[in-house]
Amino acid sequence: SSDNMSGETGDPALTRQRAYQKKAFEFISRALKIDEENSGQKQQAIDLYKKGIAELEKGIAVECRGHGEEYDRARKLREKMLTNLGMARDRLDLLETVLASCSDDT
Amino acid sequence: GTTTLNVPTDQVDHLMHQVADEAGLELNMELPQGQTSTIGTPSTASEQQDELSQRLAQLRQM
């Protein structure tokens, strides 16, 4: 049925964007936790950052062209995901560089 | 003729918050940074991305 109790458009694209965002948040917050604790499990953090980055990329790729508040919000969310994609990539590069230089020492 | 509404302000306030919650809007966006960062897991997509930004920025300074 096409009933829409919430009053939203129910655009499946926006639902997908939300789902990717959620996964990205879960992966990257887990990566950040390990990274912040500085426990030496950097490889694990790297793997989680990579998974989170992949989800961010999928979320950013979702088209959110449309009119109305719901789409405005989706575009703002996309902007935020773009910012975090850049920052997460920077962090990942740094960790990989650090890890590579550590193994060179041995 | 005209219609006059006499709705108590607290009722309006409550309704605004309810609508904002449902829409996932941020009524407290102008809160100073740092005050929001220690509260548990943020509930809206937008807040979750904000939290990631803050934590990534902090790591950058280390």
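Order of the sequence lines fixes the chain letters, A, B, ..., with proteins taken first and strands second; residue numbering starts at 1 for each chain. Keep in mind the model is a prediction, meaning the values are calculated, not measured.
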Pick from A:Leu56, A:Thr83, A:Leu82, A:Ile28: which one makes a side chain to side chain contact (heavy atoms under 4.5 Å, CB included) with B:Gln49?
A:Leu56
Do B:Arg60 and A:Met87 have side chains that get closer than 4.5 Å, going by heavy atoms?
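Yes, side chains in contact.
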ILVMFWY cluster, [X] and [Y] together (side-chain gap under 4.5 Å):
| X | Y | value |
| --- | --- | --- |
| A:Leu95 | A:Leu99 | yes |
| A:Tyr49 | A:Ile60 | yes |
| A:Ile46 | A:Phe25 | yes |
| A:Met81 | A:Leu85 | yes |

Segment of A:Tyr20 engaging chain B (4.5 angstrom heavy-atom cut-off):
neither
I need the [X] [atom1] to [Y] [atom2] distance, nearest 0.5 Å.
| X | Y | atom1 | atom2 | value |
| --- | --- | --- | --- | --- |
| B:Arg55 | A:Asn84 | CZ | CG | 11.5 Å |
| A:Gln21 | B:Leu52 | CD | CG | 7.5 Å |
| A:Glu36 | B:Leu56 | CD | CG | 8.5 Å |

When every non-hydrogen atom of B:Leu59 is compared with those of A:Asp35, the smallest separation belongs to CD1-OD2, 3.3 Å
Assess whether atom NZ of A:Lys42 is packed by more than 12 heavy atoms of other residues, nucleotides or ligands within 6.0 Å.
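Correct, the count exceeds 12.
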Between B:Ser46 and A:Lys80: side-chain donor-acceptor atoms closer than 3.5 Å
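Judged by distance alone, the side chains do pair up.
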